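Report on one structure; see the data block that follows.
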Amino acid sequence: MPDDLLDARRRKLQNIVQLERDPYGRRFPDVVANDAIRARAEALNLSPGQTAEAERVTAAGRITLLRNMGKLAFLHIRDSRADLQIGVSKKAVSESDWAVLEQLDLGDIIGVTGAIGRTKTNEVTVWVNSLTILSKCRQIPPEKWHGLSDVDLRYRRRYVDLFTNPEVMKTFRDRIAIIDAIRDHLRKLGFLEVETPALQPIYGGAAARPFTTHHNTLDIELFLRISPELYLKRLLVGGMERVFEIARNFRNEGMSPRHNPEFTMLELYQAYGDLSDMMDVTEGMISSAIAQLDGRHERQFGDQTINYTAPFKRRTYGDLLREHAGVDLRDHNAVFEKAKSQHLLNKLAKDPNRAARASSAADLGIDQAIIANELFEATVEPYLIQPTFVTEYPAELCPLTRRKPDDPTLALRFELYVAGMELANAYTELNDPDIQRQTMSQHLQGEGDETMRVVDEDFLLALEYGMPPAGGLGVGIDRLVMLLTNSQSIRDVILFPLQRPSQNT
RNA sequence: GAGGGCGUAGCUCAGUCGGUAGAGCAACGGCCUUUUAAGCCGUGGGUCCUGGGUUCGAGCCCCAGCGCCCUCACCA
């Protein structure tokens with residue numbers, strides 16, 4: 001039973017009330033951030049044991065360490081950037097303040113004012129002359145040394161994770177910095193940041209199963225967006241030449257270290273641009289993000305070292321397949337036999353016997369390009385460690401994309417791979433409404449699954465008004481943050497990842 | 001959805017061959033005015049994930065369930 005632990009804290013809270021002090025505090029102005037106080041101490045050039053009596057500061061934070069020696073106490077308080085040691089001498093504070101100090105626990109939030117100094121052991125310390133409790137912590141914080149490491153608890157109680165594990169706070173501060181840098185970069189390029197519906201009567205722009213919901217007043221079924229694409233393109237029709245949205249997308253699919261049901265995607269469209277512009281934008285954005293962090297273009301991700309110095313490698317799909325799988329994309333038979341020998345057909349055929357008997361893609365009723373792509377994913381993807389733009393995808397894999405003028409079997413698309421992960425995806429967009437209508441309907445037929453899919457007639461109508469030729473780009477923001485912060489799971493870069501609700505908490 | 005791993009004190013973790021449930025931190029009482037995972041003396045703290053089963057006896061073995069993690073499947 002943890003009751004005795006909780007009771008002890010509740011008792012101390014009562015003691016504070018009895019001292020006529022408010023255990024939950026109030027406005028506490030002029031707080032200086034811990035790292036700023038440390039910087040000031042640095043600038044003062046104090047020698048060990050010295051205190052700059054005139055350098056008074058106000059500090060506040062959560063107690064992460066508390067050592068009371070009876071008449072002198074050292075505590076560490078933490079804010080979102082740093083820890084700071086404070087020293088409280090019984091002689092230097094009021095009787096009431098000292099009495100409050102004796103009722104403090106790890107996890108309490110306090111505010112102090114005092115002079116900046118250094119201890120004999122050279123630790124920067126604020127020597128307190130007044131102390132205020134700002135919030136009593138009535139739960140038990142995790143252990144000071146190991147912190148909170150149970151991953152389930154870390155996600156369920158992210159607030160505890162954040163204040164006990166500074167590297168977690170750092171990761172999320174970095175996430176914020178990365179997104180800020182991307183916004184700045186795009187605005188400087190003249191992109192307008194827009195917001196489009198997350199509740200959509202017809203979903204589109206990606207092949208994924210949506211979440212469904214219902215609007216009571218209109219009494220209609222709605223879908224949570226799987227992509228903002230079709231709305232952003234409407235804005236191109238409307239005359240916004242450069243638009244972007246940092247959109248939360250929702251996909252009712254499986255979860256993995258690289259997939260969360262809701263995730264953040266940057267999508268942007270640039271009128272009069274194409275694939276090569278999208279490469280420039282991608283490289284520029286990532287460089288800006290890195291500059292906003294520590295500026296290091298060479299970064300660790302797990303046991304890999306990745307170099308983000310632009311320009312990134314550019315390789316064609318066909319070249320990569322030839323290099324890693326040893327087959328020519330156009331040699332359908334070789335592709336088929338190679339895929340068969342690698343046991344890649346079973347899952348496509350959904351029946352091992354049928355896969356074993358088949359001697360061509362047609363036998364399985366599967367498009368040739370699908371088999372090639374299976375081979376690509378198995379043999380090429382794992383080796384795309386350094387940032388690589390993969391270009392010239394087989395057109396069948398991306399029916400909604402404009403084709404290469406001099407070779408209509410290839411699509412004007414690239415995917416950016418880093419560390420074997422798909423990080424970005426870009427196209428020279430299709431703006432011919434007739435071709436778009438045709439490919440959308442074909443795509444529908446190919447999807448014959450249980451999910452409802454409807455051609456978005458209003459989108460096609462918009463195209464008929466005329467959409468400028470454009471480049472389009474999508475970047476998985478969570479994955480980018482994973483890569484730049486060396487986080488192995490998408491859940492480590494999403495503050496509150498989806499967890500099954502638990503009964504106990 | 002399939003396979004594998006894990007679940008012991010508030011936290012981080014031990015637990016041997018199936019034989020009385022352990023440590024550190026945290027907590028409680030006491031001492032301590034320069035600590036750095038502070039120190040010293042003393043005390044308390046358990047639904048061993050849940051439910052069955054085997055056994056004289058289960059934290060440990062078996063079955064089922066729950067939760068989490070990983071791999072795969074799903075997924076422009």
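Throughout, protein chains are lettered first and strands after them, A, B, ... in sequence-line order, and every chain is numbered starting at 1. Here the structure is a predicted model, which means the values were calculated and not measured.
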[N] versus [M] - spacing of their [atom1] atoms, nearest Å:
N     : M     : atom1 : value
B:C6  : B:G15 : P     : 12 Å
B:G22 : B:G67 : P     : 33 Å
B:C49 : B:G5  : C1'   : 16 Å
B:C11 : B:G19 : P     : 27 Å
B:G45 : B:U54 : P     : 33 Å
B:C17 : B:C13 : P     : 23 Å

Which residue lies more 5' along RNA chain B, comparing A:His146 with A:Gly49 via nearest heavy atoms: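 Result: A:His146.
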
Along RNA chain B (nearest heavy atom to each residue), the more 5'-positioned of A:Gly147 and A:Leu65: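 Taking each residue's closest nucleotide, the earlier one in sequence belongs to A:Gly147.
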
Quiz item: A:Thr119 side-chain donor-acceptor pair to B:U35 base, under 3.5 Å: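 Per atom types, the contact qualifies.
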
No-H, no-angle donor-acceptor pair, A:Glu123 side chain to B:U35 base, under 3.5 Å: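 No pair found.
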
If we call it a pair only when both distances are under 3.5 Å in a Watson-Crick or G-U wobble match, what pairs with [N]?
N     : value
B:C72 : B:G1
B:G22 : B:C13
B:A37 : none
B:C48 : none
B:C6  : B:G67

Other residues, nucleotides, ligands: >12 heavy atoms within 6.0 Å of A:Arg314 CZ: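 More than 12 within 6.0 Å, yes.
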
Residues, nucleotides or ligands: over 12 heavy atoms within 6.0 Å of A:Glu95 CD: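 Atom CD in A:Glu95 is not crowded, with 12 or fewer foreign heavy atoms closer than 6.0 Å.
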
Just checking [X]: base, sugar-phosphate only, or nothing, at a heavy-atom cut-off of under 4.0 Å?
X        : value
A:Pro257 : sugar-phosphate
A:Lys91  : base
A:Gln85  : base
A:Asp150 : sugar-phosphate
A:Ser149 : sugar-phosphate
A:Arg258 : nothing
A:Leu397 : nothing
A:Lys120 : base

Side chain of [X] (C-beta onward), nearest among [options]:
X        : options             : result
A:Ile140 : B:G45, B:G10, B:C74 : B:G10
A:Met69  : B:A26, B:U35, B:G29 : B:U35
A:Arg156 : B:U33, B:A76, B:G67 : B:G67
A:Ala207 : B:U33, B:C75, B:U12 : B:C75
A:Ala8   : B:C11, B:A37, B:A27 : B:A27
A:Glu143 : B:C25, B:C68, B:A26 : B:C25

Atom-to-atom span, CD1 of A:Ile370 to C1' of B:A76 - whole angstrom: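 One finds 11 Å between C1' of B:A76 and CD1 of A:Ile370, rounded.
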
Protein-nucleotide distance (A:Glu381, atom CD; B:A76, atom P), rounded to Å: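 Between P of B:A76 and CD of A:Glu381: 13 Å.
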
Give a yes/no answer on whether the side chain of [X] brings an N or O atom under 4.0 Å of OP1 or OP2 in [N].
X        : N     : result
A:Arg479 : B:C75 : no
A:Arg500 : B:G67 : yes
A:Arg11  : B:A27 : no

Derivation of the side chain to side chain donor-acceptor pair (under 3.5 Å) call for A:Glu229 and A:Tyr231: CA-CA 5 Å; A:Glu229 174 168 345; A:Tyr231 285 93; over 6 Å; no

A:Phe376-A:Tyr317 aromatic ring centre distance below 6.0 Å: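 Between A:Phe376 and A:Tyr317, the centre distance is under 6.0 Å.
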
Stacked cation flag A:Arg62 on A:Phe163, 6.0 angstrom / 45 deg: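 Yes, A:Arg62 lies over the aromatic ring of A:Phe163.
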
Distance-only side-chain donor-acceptor flag, A:Tyr155 / A:Asp492, under 3.5 Å: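 Note: A:Tyr155 and A:Asp492 side chains meet the donor-acceptor criterion.
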
